[in-house]
Structure formats: C-alpha cells, structure tokens
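Computed from a prediction, not measured in an experiment: that's the story for all the values here. When reading the values below, keep in mind they use all heavy atoms of this one structure, side chains included, and skip hydrogens, waters and symmetry mates. Convention: sequence-line order gives letters A, B, ...; per-chain numbering from 1.
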Amino acid sequence: MKTSWPDILFFAIVCGIALGAALRVVLSKNAVHSALMLALTLFSVAVIFIAQSAPFLAAVQMIVYAGAVVVLFLFVIMLLGVDKNEDLRETLRGQRPAALGLALLFAVGTVGVIRLYGSGAPQAEAIALGADNVQLIADALFTTYLYAFEITAAPLLVAAIAAVVLAKRERPAKSLSESREDGSA
Amino acid sequence: MNVPTNAYLIFSALLFAIGMAGFMIRRNVIVMFMCVELMLNAVNVAFVTFARSFGDVAGQVIVFFVMVIAAVEVVVGLAIIVAIYRRRESVSADDASVMKG
C-alpha cells in the first residue's frame with residue numbers, strides 16, 4: 001500500500017500540536033497555563049484516536065479527560081489559589097540536568113528500538129476496527145473482560161469515598177486555625 | 001490513514017519522555033500530576049496503535065480501563081493534594097518531606 005502524503009501531513013500537524021502543547025505543560029511557570037495546554041494535548045490525542053479507527057475512545061477521551069479531569073485540575077488550582085509562580089531554585093544540585101539526560105536517554109532508546117524492530121510499512125486499510133467500533137468494544141467488554149469491567153466499580157466507589165474523607169475538614173484543626181487567625185488579626 | 005505504525009509509536013515514545021522529564025523536573029505537585037496524565041496518554045496511544053495494527057479490539061478495551069483508573073487516580077490524588085495544602089500551605093513537593101529518611 002502506498003503512503004499518501006495528505007495523511008502524513010495531517011499526522012505531522014496533529015503530532016506537532018500535541019508535542020508542543022506537552023512541552024508547554026512542562027515548561028509553563030503558571031499552573032493554569034499547564035492545565036490548559038494539557039487540555040490541548042488531550043484533544044490532539046483524541047484526534048489521533050479517531051485517525052487510528054478508535055472513535056469510541058476518542059469520545060471517551062474528550063468527555064473523561066478533556067471534560068472531567070482537566071476541569072478537576074483547574075478547580076483544584078482555583079480552590080487552592082496556587083496560580084502564583086513556582087519557586088525555581090534548585091534544591092538538589094544537578095537534579096535537573098540529570099532528569100533531562102535520563103528523559104533524553106529514554107526517548108533515544110525507545111525511538112531506536114522502534115526503528116530497529118518496528119514495522120515501517122503503512123497500516124493496512126483492510127482491518128476495520130472503526131466501522132462497528134462501539135459494538136466491537138462492547139462485545140469484548142461484556143464477554144471476555146466482564147470480570148475486569150465489574151471490578152472497576154470497586155476503585156470508583158473507593159475513590160468517591162476517599163475524596164470525601166480526604167477533603168473533609170477536621171473539626172478541631174479548623175477551630176484551632178480559626179482561633180490562631182483571630183489572634184493574629 | 002496510511003501513516004506508518006512506527007510514526008505513531010515514536011510519537012507515543014516522545015510524549016512519554018516529555019511527561020517523564022516534566023515529572024522529574026517540576027516540583028509543583030499539581031503539574032507533576034499533569035505529567036503523569038501525559039505519560040498515561042502516551043501509553044494509550046501505543047495501545048491503540050497496536051490494536052489497529054493487529055486488528056484486535058483488546059487494545060482499545062485496555063485503553064478504556066486505563067481511562068477509568070486514571071479518573072480514579074486523579075480524584076484521589078487531587079484530594080491528597082488538597083489535604084496536604086491544608087496542612088502545609090504549599091503545593092511544592094519539597095515541603096512534603098515529613099517521612100524523609
């Protein structure tokens with residue numbers, strides 16, 4: 001099968017947006033900018049899912065990640081009021097160059113392995129996961145992976161309860177801090 | 001889409017490397033958490049690529065499960081961050097060092 005250039009161009013644009021936004025997530029000094037760039041990265045990944053014949057996952061990505069997760073991040077940033085800039089002093093000497101070097105090593109290593117052992121051939125058009133995507137996933141989810149699917153209910157319940165317990169303000173601590181604030185004021 | 005499988009895998013590897021670098025470099029716990037999300041997404045891209053190239057929907061089902069667990073992880077993690085912030089008035093990873101050896 002011939003590689004078609006419009007597809008390559010489209011892929012390159014989406015990849016460029018995703019990687020650029022991911023870099024901005026890491027490099028932004030403001031946490032709010034990081035969260036918005038994360039949303040852009042997640043949108044680009046959703047586009048890549050559609051290009052990879054996974055429209056259902058693209059929809060879930062938009063709803064769960066770009067919808068719920070990023071909004072949750074923004075909500076916590078707003079709640080804590082930590083939109084002020086981060087202290088950029090280096091507490092461990094040489095930690096940042098070492099981290100960058102390790103990440104670079106990882107990138108070079110994985111890309112090398114992919115280029116050595118991966119297939120450079122264009123993907124076959126015949127494999128149609130995209131046509132009845134929802135039905136295919138539902139078939140697998142409710143037969144082969146039924147137990148795993150049911151068990152995901154447990155983590156969800158635990159997370160809901162844990163969020164309430166962790167975020168609940170302790171009464172004595174609250175009264176203590178309030179009285180301290182009153183004293184200083 | 002006739003883009004080579006390798007291109008998607010290389011994209012996935014680069015996204016993972018960016019997330020990894022961010023997690024190690026940044027000290028704002030919230031941004032570190034976003035970098036974890038980047039890494040999860042990179043792995044999801046790899047799973048979807050393999051699902052496509054082998055014509056097996058199992059990869060997409062696994063991505064579905066990863067998304068569920070990622071949502072759970074974000075809820076618990078952000079609740080922990082809020083709890084730490086209440087106690088320490090800071091979201092820097094350096095300030096949560098009570099259990100340091």
Side chain, backbone, both or neither: which part of [X] has a heavy atom under 4.5 Å from chain A?
X     : result
B:F64 : both
B:F23 : neither
B:A58 : both
B:L40 : side chain

Keeping the roles fixed (side chain from [X], backbone from [Y]), state whether a donor-acceptor pair exists under 3.5 Å.
X     : Y     : answer
B:R26 : A:V26 : yes
B:T49 : B:V45 : yes
A:Y65 : A:V70 : no

Is there a path of hydrophobic side-chain contacts, each under 4.5 Å between heavy atoms, that joins A:L157 and A:L166?
no
Less than 4.5 Å to any heavy atom of chain B: does that hold for the side chain of [X], its backbone, both, or neither?
X     : result
A:V64 : side chain
A:F75 : neither
A:A12 : neither
A:T41 : side chain

So which residue, [options], ends up with the most heavy-atom pairs under 4.5 Å with chain B?
options                : answer
A:A163, A:A167, A:A159 : A:A159
A:A162, A:A54, A:A98   : A:A54
A:L72, A:V69, A:L102   : A:L72
A:A35, A:G101, A:A68   : A:A35

Among the options [options], pick out the one with the most heavy-atom pairs lying under 4.5 Å from chain A.
options                    : answer
B:I69, B:V68, B:V75, B:N41 : B:N41
B:A70, B:G19, B:A71, B:A7  : B:A7
B:M34, B:M67, B:E73        : B:M34
B:L78, B:V76, B:I80        : B:L78

Would you say the side chains of B:N44 and A:Q61 form a donor-acceptor pair under 3.5 Å?
no
Side-chain donor-acceptor distances from residues 105-117 of chain A under 3.5 Å, at least two apart:
residue	atom	partner	partner atom	Å
A:T110	OG1	A:F106	O	2.7
A:T110	OG1	A:A107	O	3.1

Is there side-chain contact between A:L104 and A:L100, with at least one heavy-atom pair below 4.5 Å?
no
Flag the pair B:V66 / B:V43 as yes when at least one side-chain heavy-atom distance between them is below 4.5 Å, and no otherwise.
no
Indicate the ring-plane relationship of A:F149 and B:F65, choosing parallel, tilted or perpendicular according to the 30° and 60° boundaries.
tilted
Residues 133-140 of chain A, side-chain donor-acceptor partners within the protein, below 3.5 Å, at least two apart:
residue	atom	partner	partner atom	Å
A:N133	OD1	A:F56	N	3.2
A:N133	ND2	A:L129	O	3.0
A:N133	ND2	B:Q60	OE1	2.8

